[in-house]
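See below for the structure under consideration.
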Amino acid sequence: PEVAAMATEVGEGAPHWSTSGQRMQAVGGEMLMGELDITSDEFILDEVDTHIQANLEDELVKEALKTGVDLRHYSKQVETELQYIEHASIKDYIKESENIASLHNQITACDTILERMEQMLSTFQCDLSSISCEIQTLQEQSIAMNIKLKNRQSVRSELSQLVDELIVPNTMISTILDTPVTEQQFLEQLHELNNKINYVKEQSFKETLACSDVQDILDRLKIKAVSKIREYILQKIYSFRKPMTNYQVPQNALLKYRFFYQFLLANERQVAKEIRDEYVDTVSKIYLSYFKSYSSRLMKVQYEEVADKDDLMGVEDTAKKGFFSKPSLKNRNTIFTLGNRGNVIASSELEAPIIVPHAAQKNDTRYPFESLFRSQHYALLDNSCREYLFLCDFFMVTGNSAQDLFNAIMGKTLSMFLKHMDTYVADCYDSIAVFLSIHIILRFKTMMTKRNVPAVDKYWDTLLEILWPRFEFILELNTQSIRTTDPQKLGALDTRPHYVTRRYAEFSSAIVSINETYPNEKAHRLLAQLQVEVENFVLRMAAEFSSRREQLIFLINNYDMMLGVLMERATDDSKEVESFQQLLGARTQEFIEEILSAPFGGMIAFVKEAEGLLERGQVERLKAEEGRAVTLVRGFAGSWKQSVEGLSQDVMRSFTNFKNGTGIIQGALTQLIQYYHRFHKVLAQPPFKTLAARSELINIHHLMVEVKKHKPNF
């Protein structure tokens with residue numbers, strides 16, 4: 001009963017307990033308790049303690065315990081309240097019974113609706129599942145159809161191209177059969193026909209059956225086109241053979257239709273070979289005939305008198321009358337003088353129009369060999385470049401094939417040229433003409449290199465192999481002629497420049513000036529050998545004079561002449577100019593000492609002796625020379641003006657070059673002033689310092705003023 005009362009007090013905190021399957025229920029405010037077996041093993045006291053403790057923590061229980069409320073009374077009170085609440089609740093339920101019934105009906109209706117919706121959603125879910133399957137099926141069908149479409153498009157493009165390439169239109173047939181080959185329409189259809197033939201060949205290897213349908217008509221069209229092209233090209237080639245025909249005109253016409261040969265080469269090689277052979281045979285004969293005729297006519301306008309084996313540098317002037325200075329030989333090219341002949345290698349002249357032989361004969365114009373050589377080989381160069389480029393373009397050849405085809409056409413002409421040159425050069429003694437020809441070749445080689453035409457490179461090299469040895473041979477002959485020349489057989493002695501040295505000077509300046517643009521060590525070496533022999537010849541000639549003074553005049557005149565001629569054409573830093581400048585300077589200085597020795601030799605000797613003694617410290621020995629010094633001072637003061645005047649006139653008479661003569665005079669007077677200044681210094685030394693004659697010395701500045709009067713005004 002206490003436990004039950006305690007549970008009643010707890011109230012809401014513990015509505016029911018469960019102990020070993022037994023329960024306590026509260027219905028209608030009455031608490032029905034079954035049998036409670038607290039001694040049962042299943043009842044766990046610890047758990048009861050826990051519940052009691054938990055209920056004791058309740059605020060309401062705590063308040064009741066604090067106020068000392070009687071639990072029984074309190075329990076009854078609670079029970080009464082519960083019964084009241086229960087009756088009130090029942091009344092509320094009864095009052096709201098209709099609403100509850102309506103609510104029940106609504107819930108039932110909702111359940112029905114929800115059930116129907118559930119069925120609809122289930123149906124919709126099934127429909128969605130079937131639609132998803134259909135969409136997947138449609139997608140698979142779409143992919144399959146897309147693949148089929150692509151395959152069909154691919155096949156269509158291939159088939160379309162195949163059909164387009166295989167079809168032979170009526171326009172092509174009528175054009176190939178009826179239109180002249182020179183019409184643009186024929187050329188266009190020929191290109192199309194060539195494409196179709198190549199395409200059918202390509203498809204035949206793939207075993208395309210449709211090819212057999214058009215093969216026959218394509219073959220017939222090809223045969224017709226080949227026939228018309230062959231006839232046209234051969235007609236053009238045959239037109240080359242007509243006399244007085246400019247073959248370059250039909251050749252240019254062929255270039256416009258270069259595809260014709262390409263078509264023949266691709267489809268009918270036998271006909272292409274026939275045309276090529278016919279062209280080679282025709283054009284090679286034309287070139288050979290033209291150049292053979294041109295060369296023979298060209299040689300007729302050469303100077304009538306040319307150098308021969310006797311026209312050598314060391315041959316005496318009387319051996320061949322009028323060798324150099326005969327004025328009547330106006331059309332004869334000079335042997336050792338360059339003159340205007342060097343213009344032939346100038347840019348303006350090198351590419352000038354070729355010489356027209358009949359026009360030159362009509363005007364009675366003559367040319368040196370190098371001009372004829374330039375004209376002949378410029379014509380060869382121009383035609384070779386044109387022909388080589390035509391062959392590469394029309395016959396579609398390059399490299400060795402182009403070279404072989406060019407040789408087949410120009411080979412006979414080049415051989416004829418080489419034979420002609422070999423024959424002419426074997427009897428040529430004009431070294432300047434040979435050397436100019438060498439430089440013409442070097443320039444023509446460069447010109448063809450710029451044009452990118454290597455066709456005649458071998459020919460140029462062969463020509464050089466012919467010309468260089470001949471040039472060396474002619475120079476050796478001239479060198480030998482100077483080496484073996486006997487000065488006693490060259491006529492009367494004369495201090496003026498010798499004609500042999502003039503020949504050398506003219507020749508050397510010519511070779512040096514020509515060689516400057518294309519320097520060649522071989523030419524320098526040959527000139528150096530010739531120069532050595534000329535220097536030896538000048539010394540041998542000078543030795544024929546009895547006095548040293550005349551020897552020096554001869555040497556200076558010849559060195560000055562050679563130097564002057566060389567400097568007109570060669571540069572100042574050339575080896576030849578430098579060499580002769582040194583020789584001229586040495587001989588000029590020696591000559592100045594020589595001409596000063598006659599009027600002023602005593603003073604010069606005294607100065608040199610006195611300076612030597614002073615240098616060695618032998619001043620005492622100078623005292624014995626006081627009388628000699630006085631004589632020299634008075635002698636110079638009395639005669640120096642007359643001596644200088646006579647010296648000046650003598651020098652001007654001795655030298656052919658006025659400028660050189662005045663230069664020597666200036667050098668001599670300058671040297672005289674230096675000697676007189678040194679004479680002053682010697683007399684200022686202790687042994688002569690007290691001499692009364694020192695007052696008679698000419699003032700140096702006064703002497704310089706007088707000397708300046710002899711200075712030239714140019």
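Here the structure is a predicted model, which means the values were calculated and not measured.
- Listed for the Thr175 side chain is no donor-acceptor partner under 3.5 Å among the backbone atoms of Met172.
- The main-chain N or O of Ala505 is never found under 3.5 Å from a side-chain atom of Ser508 such that the two would form a donor-acceptor pair.
- Here the side chain of Ser296 pairs a donor or acceptor atom with the backbone of Ser293 at under 3.5 angstrom.
- Looking only at side-chain heavy atoms (C-beta outward), Leu442 and Leu464 come within less than 4.5 Å of each other.
- Here the side chain of Asn198 pairs a donor or acceptor atom with the backbone of Asn194 at under 3.5 angstrom.
- No donor-acceptor pair under 3.5 Å is formed between the side chain of Lys309 and the backbone N or O of Asp427.
- Looking at Ile275 and Leu234, their side chains come closer than 4.5 Å, going by heavy atoms from C-beta outward.
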Test side-chain hydrogen bond (donor to acceptor under 3.5 Å, both in side chains) on Asn252 and Gln248; report intermediate values, then the result.
CA-CA 6 Å; Asn252 289 335; Gln248 293 180 355; 5.9 Å; no
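- Shown here for Asp430 and Arg341, the closest heavy-atom pair between the two residues is OD2-NH2, 2.9 Å.
- A donor-acceptor pair under 3.5 Å links the side-chain atoms of Ser481 to the main chain of Gly314, judged by distance alone.
- In this structure the side chain of Arg276 reaches within 4.5 angstrom of the side chain of Leu405, judged on heavy atoms.
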side-chain hydrogen bond (donor to acceptor under 3.5 Å, both in side chains) for Asn657 and Asp560? Distances and angles first, verdict last.
CA-CA 8 Å; Asn657 185 345; Asp560 177 64; 2.7 Å; yes
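- Taking 4.5 Å as the limit, some side-chain heavy atom of Tyr429 sits within range of a side-chain heavy atom of Arg470.
- Enclosure of atom CZ in Arg451 by more than 12 non-hydrogen atoms of other residues, nucleotides or ligands within 6.0 angstrom is indicated.
- With a 4.5 Å cut-off on side-chain heavy atoms, Phe554 and His498 count as touching.
- Residue Asn400 qualifies as open at atom CG: its count of foreign heavy atoms under 6.0 Å is 12 or below.
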Would you please test Phe260 and Phe263 for ring pair (Phe, Tyr, Trp, His ring centres under 6.0 Å) and show each step?
CA-CA 5 Å; Phe260 287 173; Phe263 181 82; 8.6 Å; no
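- Taking every heavy atom of both residues into account, His420 and Met299 meet most closely at NE2-CG, 3.8 Å.
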Test side chain to side chain contact (heavy atoms under 4.5 Å, CB included) on Asn407 and Gln403 and set out the steps.
CA-CA 6 Å; Asn407 291 339; Gln403 186 66 53; 3.1 Å; yes
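- When ring centroids are compared, Tyr232 and Tyr257 come within the 6.0 Å threshold.
- Annotation for Lys300: atom NZ does not count as buried by contact number, only 12 or fewer foreign heavy atoms lying within 6.0 Å.
- Taking the six-membered ring for Trp, Tyr290 and Tyr287 have ring centres at least 6.0 Å apart.
- Heavy-atom neighbours of Arg297 CZ from other residues, nucleotides or ligands within 6.0 Å: at or below the threshold of 12.
- Arg503 and Leu312 get closest at one heavy-atom pair: NH1-O, 3.3 Å.
- Between Thr588 and Ile556 the shortest heavy-atom distance is CA-CD1, 3.7 Å.
- Of the possible polar contacts, one joining the Asn557 side chain to the Ser654 backbone as a donor-acceptor pair under 3.5 Å is found.
- More than 12 heavy atoms of other residues, nucleotides or ligands sit less than 6.0 Å from atom CG of Asp486.
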Between Ser375 and Tyr367, does a side-chain hydrogen bond (donor to acceptor under 3.5 Å, both in side chains) hold up when you go through it step by step?
CA-CA 11 Å; Ser375 180; Tyr367 297 93; over 6 Å; no
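- In terms of the ring-ring contact (aromatic ring centres under 6.0 Å, His included) criterion, Phe240 has no residue partners (sequence neighbours excluded).
- For the ring pair (Phe, Tyr, Trp, His ring centres under 6.0 Å) test with Tyr261, the passing option among Phe395, Tyr279, Phe390 is Phe395; the others fail.
- You'll find the side chain of Glu476 reaches within 4.5 Å of the side chain of Gln529, heavy atoms only.
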CA sep, side-chain torsions, deciding dist, call: Lys445, Asp457, salt bridge (Lys or Arg N to Asp or Glu O under 4.0 Å):
CA-CA 7 Å; Lys445 281 187 71 174; Asp457 285 354; over 6 Å; no
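- Taking 4.5 Å as the limit, every side-chain heavy atom of Ser509 sits out of range of all side-chain heavy atoms of Glu568.
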Would you please test Leu391 and Phe406 for side chain to side chain contact (heavy atoms under 4.5 Å, CB included) and show each step?
CA-CA 7 Å; Leu391 296 176; Phe406 178 84; 4.1 Å; yes
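- In terms of heavy atoms, Lys228 sits closest to Ile176 at NZ-O, 3.1 Å.
- At least one donor-acceptor pair under 3.5 Å links the side chain of Asn195 to the backbone N or O of His191.
- Residues Tyr378 and Leu350 form no side-chain contact, since every pair of their non-hydrogen atoms from C-beta on lies 4.5 Å or further apart.
- Taking the six-membered ring where the residue is Trp, the centroids of Tyr504 and Phe336 are separated by 6.0 Å or more.
- Minimum heavy-atom separation, Ile474 to Ser431: CG2-CB, 3.6 Å.
- When atom types are taken as modelled, the side chain of Asn558 and the backbone of Pro497 share no donor-acceptor pair closer than 3.5 angstrom.
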Kindly determine whether Arg443 and His439 satisfy side-chain hydrogen bond (donor to acceptor under 3.5 Å, both in side chains), including the steps that lead there.
CA-CA 6 Å; Arg443 284 161 174 77; His439 276 264; 3.2 Å; yes
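- If you run ring pair (Phe, Tyr, Trp, His ring centres under 6.0 Å) between Phe435 and each of Phe373, Phe507, Phe471, only Phe471 comes through.
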Would you check, one step at a time, whether the test side chain to side chain contact (heavy atoms under 4.5 Å, CB included) holds for Lys450 with Thr446?
CA-CA 6 Å; Lys450 290 180 180 178; Thr446 303; 4.1 Å; yes
Candidate pair Arg386 and Gln251, rule side chain to side chain contact (heavy atoms under 4.5 Å, CB included), full reasoning:
CA-CA 10 Å; Arg386 180 184 180 84; Gln251 195 179 51; 3.5 Å; yes
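- More than 12 heavy atoms of other residues, nucleotides or ligands lie within 6.0 Å of CG in Asn363, so this atom counts as buried by the packing criterion.
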Begin with the C-alpha distance, continue with both residues' side-chain angles, and end with the deciding distance and a verdict on salt bridge (Lys or Arg N to Asp or Glu O under 4.0 Å) for Glu231 and Lys224.
CA-CA 11 Å; Glu231 181 182 354; Lys224 183 63 178 177; over 6 Å; no
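- Of the residues Phe417, Phe291, Phe444, the one that meets the ring pair (Phe, Tyr, Trp, His ring centres under 6.0 Å) test with His377 is Phe417.
- Under the 4.0 Å criterion applied to side-chain N and carboxylate O atoms, Arg230 and Glu268 are not assigned as salt-bridge partners.
- The closest donor-acceptor contact from the side chain of Glu278 to the backbone of Ile237 lies at 3.5 Å or more, if one exists at all.
- A donor-acceptor contact closer than 3.5 angstrom links the side chains of Ser295 and Gln376.
- Here Lys285 pairs with Asp281 in a salt bridge; the nearest charged N to carboxylate O distance falls below 4.0 Å.
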